Novice: 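My questions all concern the structure below.
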Amino acid sequence: MAFLLCGRFRLSLTHPLIMGVVNVTPDSFSDGGNYLGLEQALAHARSLIAEGADILDIGGESTRPGASAVTMDEERRRVLPVLEGLAGCGVPLSVDTQRPGLMREAVAAGASMVNDVSGFRSPGAFESVADTDVAICIMHMLGEPRTMQQAPRYQDVVKEVGDYLDARMAAAEQAGIARERIVIDPGFGFGKTLEHNLGLLRELRHFRRAGTALLAGLSRKSMLGAITGRGPSERVHASAAAALIAVQNGAHIVRVHDVAATRDALAVWNALQSQP
Ligand code: 9MG
């Protein structure tokens, strides 16, 4: 049976998993990082678990197009107290970071997964988690968040993203990270036009690899704004539809802001799977 090793958790991949997003950035919670911001982040995280999140992804640095970097100290100050505050919450905690130093600290603080949108390209990134049992999510991004949406170009987006993920997976295995700990992700919206994103979603099954989990993050992204003409907070229905299509096309894990809506959409999908 297919599963993902994720720290002390062993997640079955026979049903789609919902990863709930907890952004600990000043635009997400007032006074992000201080006591009030921390309490709000913890309350939000707990509400996502109550709604049905199977994993929480906690990030302290925005990866939106055009976003600028925060210092390591600031990122640490935002993320570590949330991980510590959620210890024993019952679901695996993922840390969304590109910094090897913070990866190590986050795992020590209780993270069971590391989600790196830069595909663990920073020197020492794979090594910082290799001798642990945490899962890693390797995502494809063309360029870096500040500039990635400036005219991204591919000859064949599906082939190039697939080749990149295969190469990064091989590098992870070379560093001693077993396949059962690896999640791969084509990185919707990270250096991709609407046409690229639609091509990836249509061909998502192409990214399934034996022994690894496939994650798709489409929630509230600008591609859904381009399709519906709606702002980020009004993209709940489009996000649930996108998550459903991703699962239908082979995703094991969907990364979402709106857990309750996604849970209901996937309940319909799950009901069909259990039909004789
Ligand atoms: C942090 N983050 C924002 N969008 C994401 C996506 O699509 N995938 C992953 N793995 N992380 C994301």
Side-chain angles (χ1 to χ4, degrees), residues 4 6 16-25 27-28 45 48 53-67 69-70 75 78-79 82 92-99 102-103 106 111-122 125 129 134-146 148-149 152 157 161 164-165 168-169 172 181-192 194 196-198 200-201 204 207 212-225 232 235 238-239 242-243 245-247 249-259 262:
L4 174 68
C6 194
L17 299 172
I18 299 176
M19 171 187 265
V21 176
V22 182
N23 284 328
V24 197
T25 51
D27 54 344
S28 307
L48 295 185
D54 300 292
I55 308 170
L56 293 180
D57 189 36
I58 297 150
E61 179 174 57
S62 177
T63 51
R64 285 196 197 124
V70 297
E75 194 183 352
R78 293 177 185 176
V79 160
V82 178
L93 304 175
S94 162
V95 62
D96 155 22
T97 185
Q98 301 171 51
R99 290 189 162 106
L102 186 55
M103 291 174 188
S112 295
M113 179 165 171
V114 176
N115 173 28
D116 180 354
V117 297
S118 73
F120 292 79
R121 276 180 283 172
S122 304
V129 291
V134 304
I136 63 165
C137 180
I138 303 174
M139 199 197 79
H140 175 272
M141 169 167 58
L142 186 68
E144 39 128 1
R146 208 169 41 80
M148 65 190 177
Q149 287 307 100
V157 67
V161 171
Y164 171 88
L165 292 173
R168 297 310 295 153
M169 230 164 38
R181 291 171 55 197
I182 301 176
V183 180
I184 54 173
D185 177 351
F188 289 98
F190 285 82
K192 282 112 185 164
L194 174 59
H196 296 142
N197 288 317
L198 291 174
L200 292 171
L201 184 55
L204 197 59
F207 299 103
T212 67
L214 176 61
L215 184 147
L218 294 133
S219 178
R220 298 190 187 180
K221 287 202 173 160
S222 59
M223 65 179 279
L224 303 179
R235 295 175 192 160
S239 298
I245 295 167
V247 165
N249 285 359
H252 297 104
I253 307 172
V254 284
R255 183 182 182 277
V256 305
H257 300 83
D258 305 293
V259 169
T262 310

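We count ligands from 1, going down the list as the structure has it; atoms in each ligand are counted the same way. Given the structure is predicted, the values throughout are model-derived calculations rather than measurements. In this chain, numbering begins with 1 at the start of the sequence shown.
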Novice: Of D57, I55, L56, L17, which meets side chain to side chain contact (heavy atoms under 4.5 Å, CB included) against P92?
Specialist: I55
Novice: Pull out every atom of ligand 1 sitting under 4.0 Å from any heavy atom of G217, numbered as shown with elements.
Specialist: 7 (O)
Novice: Of the non-hydrogen atoms in Y164 and M139, which two are nearest, and what is the gap between them?
Specialist: CE2-O, 3.8 Å
Novice: Looking only at protein heavy atoms, which one is nearest to atom 11 (N) of ligand 1, and how far off is it?
Specialist: N115 ND2, 3.1 Å
Novice: About how many Å separate CG of L214 and CG of D185, when rounded to the nearest 0.5 Å?
Specialist: 7.5 Å
Novice: Any chance you could lay out the side-chain contact (heavy atoms from CB on, under 4.5 Å) test for H140 and R168, step after step, and finish with the verdict?
Specialist: CA-CA 9 Å; H140 175 272; R168 297 310 295 153; over 6 Å; no
Novice: Which atoms of ligand 1 are found less than 4.0 Å from any heavy atom of K221?
Specialist: 4 (N), 5 (C), 6 (C), 7 (O)
Novice: For atom 8 (N) of ligand 1, grab the closest protein heavy atom and report residue, atom and distance to one decimal in Å.
Specialist: D185 OD2, 2.5 Å
Novice: So is C137 in contact with ligand 1, going by heavy-atom distances below 4.0 Å?
Specialist: yes
Novice: Should you measure from each heavy atom of D96, which atoms of ligand 1 turn up under 4.0 Å away?
Specialist: 1 (C)
Novice: What's the verdict on side-chain contact (heavy atoms from CB on, under 4.5 Å) for L142 and K192, showing C-alpha distance, side-chain angles and the deciding distance?
Specialist: CA-CA 8 Å; L142 186 68; K192 282 112 185 164; 5.7 Å; no
Novice: The test is side-chain contact (heavy atoms from CB on, under 4.5 Å); show your working for L204 and F188 and say whether it passes.
Specialist: CA-CA 11 Å; L204 197 59; F188 289 98; 4.0 Å; yes
Novice: To check your reading of the model: name the closest protein heavy atom to atom 3 (C) of ligand 1, its residue, and the distance in Å.
Specialist: R255 NH1, 3.3 Å
Novice: N/O to N/O below 3.5 Å, does that happen between D57 and ligand 1?
Specialist: no
Novice: State the atoms of ligand 1, each with its element, that fall below the 4.0 Å cut-off from a heavy-atom position in V117.
Specialist: 1 (C), 2 (N), 11 (N), 12 (C)
Novice: Is the CZ atom of R121 crowded by more than 12 outside heavy atoms at less than 6.0 Å?
Specialist: yes
